[in-house]
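Everything quoted here is computed from the prediction, not taken from an experiment.
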Number of protein chains: 2
Amino acid sequence: MGIFHCGMPQSDLNLHQNSVNRDTTAKESSEKDLVRTQSPANSQRTLPRELRRLQLIESTIDCIAKRGLTDTRMADVAAGAGLSVGIVNFHFDSKTTLLAETLRYLADEYHQAWIEARNESDEDPAKQLLSLTRMNFEPRICNQRRIAVWYAFFGEARSRPTYSNLCQQLDDDYLDQMRTLFGSLFDDGNERRAHRASLMLMALWDGLWQNILLNPDVFNTDEAVRACEHWLACMLPEHFKQPDNSA
Amino acid sequence: MGIFHCGMPQSDLNLHQNSVNRDTTAKESSEKDLVRTQSPANSQRTLPRELRRLQLIESTIDCIAKRGLTDTRMADVAAGAGLSVGIVNFHFDSKTTLLAETLRYLADEYHQAWIEARNESDEDPAKQLLSLTRMNFEPRICNQRRIAVWYAFFGEARSRPTYSNLCQQLDDDYLDQMRTLFGSLFDDGNERRAHRASLMLMALWDGLWQNILLNPDVFNTDEAVRACEHWLACMLPEHFKQPDNSA
DNA sequence: ATCTTGATTGAATGCTCATTCAGTGGATGA
DNA sequence: TCATCCACTGAATGAGCATTCAATCAAGAT
């Protein structure tokens with residue numbers, strides 16, 4: 001768990017040597033700042049193994065978001081990092097493992113965010129549901145680049161057990177936690193009700209992600225959070241207030 | 001609009017000559033029966049152009065669902081229909097157009113189902129919302145094969161404007177219709193509320209589809225419909241009843 | 001200054017696949 | 001029966017791409 005988050009020295013190196021790859025929509029221009037700050041590392045020819053791997057994974061995300069999974073070549077990933085073709089095979093066994101590690105990286109990142117969101121709202125189930133919801137739409141988690149990659153993998157999930165296995169266990173775990181949270185908010189202790197509420201809220205999260213990916217004009221993350229708050233207020237009026245509708 | 005539904009003679013030919021391709025989960029074994037019934041067409045060497053195209057598109061759906069978009073080859077599509085390699089390029093200009101036509105086929109099918117669902121519930125907005133919801137989870141529309149294909153395209157949507165353009169206009173139209181339906185159910189005539197409700201219900205549909213694709217164990221279409229009904233009852237208690245919770 | 005270790009390069013290799021097209025064959029009409 | 005018209009076949013072609021690896025280079029250790 002957390003192989004990409006394990007105290008690795010994430011100094012302020014600029015891992016994006018090739019700026020051509022960074023032309024995503026302006027709104028998200030500040031994500032992953034840790035790998036962008038100016039630094040002499042720009043011209044550094046070699047980098048410690050783990051840092052280079054991280055950079056290549058980020059470049060993979062860029063490529064998938066910009067060109068789609070089918071049009072993502074090893075050479076593109078390397079070029080996106082300003083390096084030469086052979087580099088990817090040197091750090092990852094094969095394209096297959098590169099993609100698997102990319103998915104794992106995203107899953108890990110999400111998992112960390114989940115844990116943080118739960119920890120920051122101490123013991124109060126209602127607060128935890130709210131902060132989990134907000135976490136789902138934080139720019140660092142929910143942005144066009146990352147969502148595009150998630151959906152690219154979803155499309156392949158059925159055919160590549162590796163992909164679904166990687167997320168299945170986490171998903172089950174999340175559902176379980178949600179059930180517990182909802183369970184303690186429904187006073188009737190109705191298991192089925194808590195189960196259904198959990199599925200619904202998680203489905204709502206997913207559906208809103210999808211809309212943010214496909215209809216960014218109609219939709220944004222603030223609107224998404226408000227929709228979820230609205231839903232919570234409908235489901236559990238004693239525990240949640242309707243969000244501010246002024247906007 | 002509707003190029004695949006335009007009075008083309010959809011006789012009871014068995015378009016699936018190669019049964020190897022049909023091993024999806026047993027539950028969905030009865031979809032697209034029109035192209036499976038036993039008939040001498042099984043051994044027919046030639047078929048009218050439009051019918052062959054239809055068969056190849058269905059084979060494309062099979063391939064994408066089973067192997068993923070990245071691993072779908074022209075030869076696989078041909079083999080899935082029991083035909084030889086050159087056939088696909090004979091009926092479609094290129095792989096690109098084959099995929100675009102496949103997406104258009106699904107979009108069309110969905111669009112037809114949408115219209116039917118609206119027509120069958122005469123003028124009553126509440127009934128129409130219900131039947132649209134049920135339509136979304138009918139086996140012919142919502143099954144692992146088809147959802148897998150939708151998601152494969154979603155993953156590529158950002159990078160291929162062709163794909164998103166194809167659906168964008170329809171989506172906007174659906175959203176518009178939903179706003180009107182909700183608008184006439186909210187007595188306060190609050191536009192914003194109707195807008196948000198529309199987005200939420202459509203997001204819920206999408207999120208439930210996603211769960212049906214990725215977690216078929218936890219999830220099924222009946223559960224999905226009930227979740228939506230539950231949501232409708234929460235949002236508009238005067239117009240909808242809570243679904244039967246006995247199951 | 002030299003050695004050692006490991007990262008990086010990029011030309012070369014060989015495989016996979018979309019696409020082509022000359023040839024085959026079945027159906028329909030004369 | 002023959003001719004015409006298409007649907008269809010599948011070997012051949014060549015472009016595109018992942019992967020390899022010998023050579024190069026950088027940085028730290030001695």
Mind calculating the distance between CZ (R73(B)) and C1' (dC17(D)) to the nearest angstrom? 12 Å
At under 4.0 Å, does any side-chain N or O of T46(B) touch on OP1 or OP2 of dA7(D)? no
Closest non-hydrogen atom pair, D76(A) against S59(A): O-OG, 4.3 Å
Could you check whether any side-chain heavy atom of I147(B) comes within less than 4.5 Å of a side-chain heavy atom of N143(B), counting everything from C-beta outward? no
Under 4.0 Å: is that the gap between some side-chain N or O of R52(B) and OP1 or OP2 of dC8(D)? yes
Which of parallel (below 30°), tilted (30 to 60°) and perpendicular (above 60°) describes Y151(B) and Y151(A)? parallel
Result for 5'-nearest mapping on DNA chain D, choosing between K95(A) and F90(B), is F90(B)
Taken to the nearest whole Å, CD1/I87(A) to P/dT24(D) is 18 Å
For atom NE2 of H91(A) and atom P of dG6(C), their distance in whole Å: 13 Å
Rounded to whole Å, the CG-C1' distance (L83(A) to dG10(C)) equals 13 Å
By nearest atom, which of the nucleotides dG10(D), dC17(C), dT8(C) is closest to the V85(B) side chain? dG10(D)
Specify the separation, in whole Å, of atom CG of L47(A) and atom P of dT9(C). 11 Å
If you check every side-chain atom of S94(B), which of dT19(C), dC8(D), dA18(C) has the closest atom? dT19(C)
Nearest whole Å is fine: how far is dT13(D) C1' from N89(B) CG? 13 Å
M74(B) has an atom CE; how far is it from atom P of dG16(D), in whole Å? 16 Å
Are any of the side-chain nitrogens in R146(A) or E58(A) under 4.0 Å away from the carboxylate oxygens of its partner? yes
Which whole-number value in Å describes the distance from D93(B) CG to dC21(C) P? 14 Å
